[in-house]
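Have a look at the structure below, then the notes.
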Amino acid sequence: MIRFHKEGYKIIVITFIITIAGVILAEKFIDIPWLVKAIQVIFLAFLVIVLQFFRNPKRIAPLNDNVLVAPVDGKVVVIEEVEEPEYYKGKRLQVSIFMSPINVHVTRYAMSGVVKYSKYHPGKYLVAWHPKSSTENERTTVVVNNKVFGDVLYRQIAGALAKRIVNYAKVGDTAVQGADAGFIKFGSRVDLFLPLGTKLNVSLGDKVKGGVQVIAEK
């Protein structure tokens, strides 16, 4: 059974109503058969796109403190050592995952632990692969701590199409690996900042599956 994320319930209902209305009105007021069918197909295709965007498949995480799972579905577009200025104020290993509009957009906790830091930043809407999107775009920064990895930071970043980031993490919350931590609407990326020396199980260009695929380990 297909599940949908709660962030999409309102949009799904509205889209469903518009689709039904469009199909019925096209049939009633347009006399050209091929045009009626074309309009109806467009409305139905739009409904399908919205439904697939807000799908929320059940994922079973390994629940292993010694590994990190991908926080989102998508493609690994950055692996590099960088200076992280907001929280660590030092060098970390950055792993960035880009989500296209057809990916599942649920953000999941990469590891279990305690939320130590959670902050929203308003900003620009540069394309998600722009080098400055991590520090200049609208974004949220969350840090989760556990005894194996210490502090691990992840950042939800809005892109040119993503105009709303939903972040459920609050300081003091207990994070459960693979559990729902938020949602990014209409495509963007998530950056992970890991301790230097973390062993990665992914390479540039790899496609990853959020909540289940191990991307790093101790």
Side-chain angles (χ1 to χ4, degrees), residues 2-12 50-61 63 68-78 84 86-87 94-126 128-129 133-146 149 151-194 208-213 215-216:
I2 299 176
R3 301 192 312 162
F4 298 103
H5 198 277
K6 62 184 180 181
E7 295 297 334
Y9 290 169
K10 183 177 179 180
I11 294 176
I12 289 171
V50 170
L51 290 175
Q52 71 84 31
F53 179 82
F54 286 104
R55 68 194 188 280
N56 185 15
K58 185 177 181 179
R59 302 279 172 84
I60 300 176
L63 297 179
L68 298 178
V69 297
V72 290
D73 292 20
K75 181 179 180 181
V76 178
V77 294
V78 174
E84 198 293 308
E86 179 181 351
Y87 181 80
Q94 178 180 336
V95 178
S96 298
I97 301 170
F98 173 75
M99 294 171 287
S100 75
I102 64 172
N103 287 128
V104 172
H105 279 65
V106 182
T107 304
R108 307 174 193 271
Y109 287 114
M111 69 180 193
S112 298
V114 177
V115 177
K116 288 184 62 179
Y117 182 85
S118 181
K119 187 172 183 179
Y120 167 78
H121 301 273
K124 300 177 181 178
Y125 296 99
L126 302 172
W129 55 85
S133 64
S134 183
T135 55
E136 294 188 8
N137 276 21
E138 179 184 358
R139 62 201 181 277
T140 63
T141 301
V142 176
V143 177
V144 178
N145 175 274
N146 77 7
F149 285 91
D151 291 345
V152 168
L153 183 155
Y154 70 85
R155 184 169 287 137
Q156 297 171 295
I157 303 170
L161 293 178
K163 301 301 183 183
R164 186 181 176 206
I165 297 174
V166 181
N167 172 34
Y168 301 143
K170 295 181 176 63
V171 174
D173 284 356
T174 298
V176 178
Q177 188 174 60
D180 190 345
F183 198 90
I184 305 179
K185 295 185 177 180
F186 302 110
S188 194
R189 77 184 226 196
V190 169
D191 292 346
L192 277 169
F193 292 87
L194 313 175
V208 296
K209 191 172 182 180
V212 292
Q213 184 170 345
I215 62 170

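Since the structure is predicted, the reported quantities are computational estimates derived from the model, not experimental observations.
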Subject >> Residue pair Asn103, Val72: steps toward the side chain to side chain contact (heavy atoms under 4.5 Å, CB included) verdict >> reply: CA-CA 9 Å; Asn103 287 128; Val72 290; over 6 Å; no

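Remark: the backbone N or O of Asp191 is not paired with any side-chain donor or acceptor of Ser96 at under 3.5 angstrom.
Within the 4.5 Å cutoff, no side-chain heavy atoms of Arg108 are placed close to those of Val69. By the 4.5 Å heavy-atom criterion applied to side chains, Gln177 and Tyr109 are not counted as neighbours. Looking at heavy atoms from C-beta onward, Phe54 lies out of side-chain contact with His105 at the 4.5 angstrom threshold. Side-chain contact check for Phe4 versus Asn56: every heavy-atom pair is 4.5 Å or farther apart. A heavy-atom distance below 4.5 Å is found between the side chains of Lys209 and Arg59. Proximity of Val115 to Lys170: side-chain heavy atoms (C-beta onward) are nowhere separated by under 4.5 Å. Looking only at side-chain heavy atoms (C-beta outward), Val142 and Val144 come within less than 4.5 Å of each other. In this structure the side chain of Thr107 never reaches within 4.5 angstrom of the side chain of Asn167, judged on heavy atoms.
Relative ring orientation between Tyr168 and His5 is described as parallel, the plane-to-plane angle staying below 30° on a 0-90° scale split at 30° and 60°.
In this model, no donor atom of one side chain and acceptor atom of the other lie less than 3.5 Å apart for Asp151 and Tyr117.
Here the CD1 atom belonging to Ile165 is positioned 12.0 Å from the CZ atom belonging to Phe183, to the nearest 0.5 angstrom. Taking CD of Gln94 as the reference point, atom CG of Leu153 lies at 10.0 Å (rounded to 0.5 Å). With rounding to the nearest 0.5 angstrom, the CE atom of Met111 is 6.0 Å from the CG atom of Asn145. One distance of note links OG1 of Thr140 with NZ of Lys119; it measures 12.5 Å at 0.5 Å rounding.
Across every non-hydrogen atom of Pro71 and Leu192, the tightest pair is CD-CD1, 3.8 Å. The two residues Ser118 and Ala169 make their nearest non-hydrogen contact at OG-O, 2.8 Å. In terms of heavy-atom proximity, Ala216 sits nearest to Phe149 at O-CZ, 4.4 Å. The two atoms that bring Ser112 and Leu63 nearest to each other are OG-CD2, 4.4 Å, heavy atoms only. Annotation for Ala61 and Gly178: closest pair CB-CA, 3.8 Å, computed over non-hydrogen atoms.
Between Glu86 and Arg155, at least one side-chain nitrogen of the basic residue sits less than 4.0 Å from a carboxylate oxygen of the acidic one, meeting the salt-bridge criterion. Using a 4.0 Å cut-off between charged nitrogen and carboxylate oxygen, Asp73 and Arg55 do not count as a salt-bridge pair.
The side-chain contact (heavy atoms from CB on, under 4.5 Å) check on Ala70 picks up Ile97, Val208, Ile215, with sequence neighbours excluded.
Counting heavy-atom neighbours within 6.0 Å of Ile102 CD1, excluding the residue itself, gives a total of 12 or less.
Of the residues listed (Arg139, Glu138, Gln156), the one engaging Tyr120 in a side-chain hydrogen bond (donor to acceptor under 3.5 Å, both in side chains) is Glu138, and it is the only one.
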